[in-house]
Amino acid sequence: MARRLSTAEVSRILGLRESRVRELVRAGLCRPARSRRGYAFSFQDLVVLRAAKELLERQISGARLRRAIAALAAELPEDRPLSGLRIFADGREVAVRDGHGAWQPATGQIVLDFEVDDLTRRAEEIVRAPEPDGVSRGQAELDRAIALEDDDPAAARAAYQRALAEDPSLVDAYVNLGRLAHAAGDAREAARLDHLALERSPDDPIVHFNLALALEDLGSSAAAVAHYQRALALDPDFADAHFNLGALCEQLGRDADAVRHYHAYKKLTEG
């Protein structure tokens, strides 16, 4: 699937409220790209959210949900199409299976069984919908970069750079470039790009969160704490920020703060 899906499109495919889709993203279950319309979900993101929806419906939440979804996201194959995959559980482990073999993302008493091709069929009509006309050259490059991320990250980075050359105000280009840099293990470059995004969008909780991630990897704990705190000041229900800040406070010996943020995370994710 070349085109990314919007929050509204994911909502329609999965039968979830748009607010619920955004909550799952804030909980850290996936990290979609950003576009002028908001989040831009890949098909891998859609598979992960479909699994999260079913697990939540079956009262699987908290740490078990995060372990299963994080492992599933990490194990989805990137070198071949997702068509033909079946995600299921046999009472002992969640598994991803196709004709090439099987993956076992996490263990636990989870009842889960769906075919990825079912999502493909539901998404086909939406994916084939025409894109809006009349966008700027910078925005066109940004959209092209988002579409390239799954298959050719190097080409995506080049397209993001072209987008910024056309329009340096495109915050989403900095955000997505920073996310790619962080995923590639370059925390210093990710922090540089996140700082540039922050200069242009100082009240965006996602930007503060991403910068905190990079700063934490660089060993700048105090600065990371400040940006996690700012992300939470802007979005008090940002579950993943609570979890990360709790873990960082625990490392720093700030036990009372750690407990407070872990409690907030648990309340947001387990209800």
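Computed from a predicted structure; not experimentally measured. Each residue takes its place number in the sequence, starting with 1.
Ion pair R192/E189 flagged as a salt bridge, since at least one NZ, NE, NH1 or NH2 atom sits closer than 4.0 Å to an Asp/Glu carboxylate oxygen. Look at R188 and D217 and you find no salt bridge, because none of the NZ, NE, NH1 or NH2 atoms lies under 4.0 Å from a carboxylate O.
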Are E250 and Y262 close enough, and set up right, to give a side-chain contact (heavy atoms from CB on, under 4.5 Å), and what steps lead you there? CA-CA 10 Å; E250 188 175 20; Y262 281 144; 2.8 Å; yes
May I have the step-by-step check of side-chain contact (heavy atoms from CB on, under 4.5 Å) for Y39 and V21, ending in yes or no? CA-CA 10 Å; Y39 292 126; V21 174; 6.0 Å; no
Salt bridge (Lys or Arg N to Asp or Glu O under 4.0 Å) between R144 and E141: does it pass, once the steps are laid out? CA-CA 5 Å; R144 185 174 297 111; E141 287 291 350; 3.0 Å; yes
When you look at L198 and Y174, which way does the side-chain contact (heavy atoms from CB on, under 4.5 Å) test go after all the steps? CA-CA 9 Å; L198 197 60; Y174 293 108; over 6 Å; no
Between D194 and R179, is the salt bridge (Lys or Arg N to Asp or Glu O under 4.0 Å) condition met? List the steps. CA-CA 9 Å; D194 291 334; R179 179 173 46 77; over 6 Å; no
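In this structure, S42 contributes its side chain and D45 its backbone to a donor-acceptor pair below 3.5 Å. Remark: side-chain polar atoms of E9 are paired, donor with acceptor, to backbone N or O of S6 under 3.5 angstrom.
From L180, atom CG reaches atom CG of D186 across 11.5 Å, with rounding to the nearest 0.5 Å. One finds the CG atom of L234 at 8.0 Å from the CG atom of D204 (value rounded to the nearest 0.5 Å). Taking CZ from R230 and NE2 from H208, the interatomic distance works out to 5.5 Å, rounded to the nearest 0.5 Å. Atom CG of D203 is separated from atom CG of D235 by 12.5 Å, given to the nearest 0.5 angstrom. With values rounded to the nearest 0.5 angstrom, H227 atom NE2 is found 14.5 Å from N244 atom CG. Rounding to the nearest 0.5 Å gives a distance of 11.5 Å between CG of D240 and CG of L245.
Looking at heavy atoms from C-beta onward, L177 lies in side-chain contact with L164 at the 4.5 angstrom threshold. Counting heavy atoms from C-beta outward, F41 and V10 have side chains that approach closer than 4.5 Å. Residues C30 and L24 fail the side-chain proximity criterion, which asks for heavy atoms closer than 4.5 Å. By the 4.5 Å heavy-atom criterion applied to side chains, L213 and R31 are counted as neighbours.
Ring geometry for H261 versus H242: interplanar angle of 30 to 60°, hence tilted.
Looking only at atom types and distance, the side chain of E216 has a donor-acceptor partner in the side chain of Y228 under 3.5 Å away.
Y160 and A33 get closest at one heavy-atom pair: OH-CB, 4.5 Å. Across all their heavy atoms, A197 and V175 have their closest contact at CB-CG2, 4.0 Å. In this structure, L193 and G178 approach most closely via the heavy-atom pair CD1-N, 3.6 Å. The shortest heavy-atom contact between A239 and L268 is CA-CD1, 3.9 Å. Residues L170 and A163 come closest through the heavy atom pair CD1-O, 3.7 Å. In terms of heavy-atom proximity, F209 sits nearest to F238 at CG-CZ, 3.6 Å.
No continuous path of hydrophobic side-chain contacts links L232 to L211 [ILVMFWY only; heavy atoms under 4.5 Å]. Tracing side-chain contacts under 4.5 Å through hydrophobic residues (I, L, V, M, F, W, Y), one reaches L196 starting from L142; they form part of the same cluster. Placement of L14 and L5 within a single hydrophobic cluster is found when ILVMFWY residues are connected by side-chain heavy-atom separations under 4.5 Å, directly or transitively.
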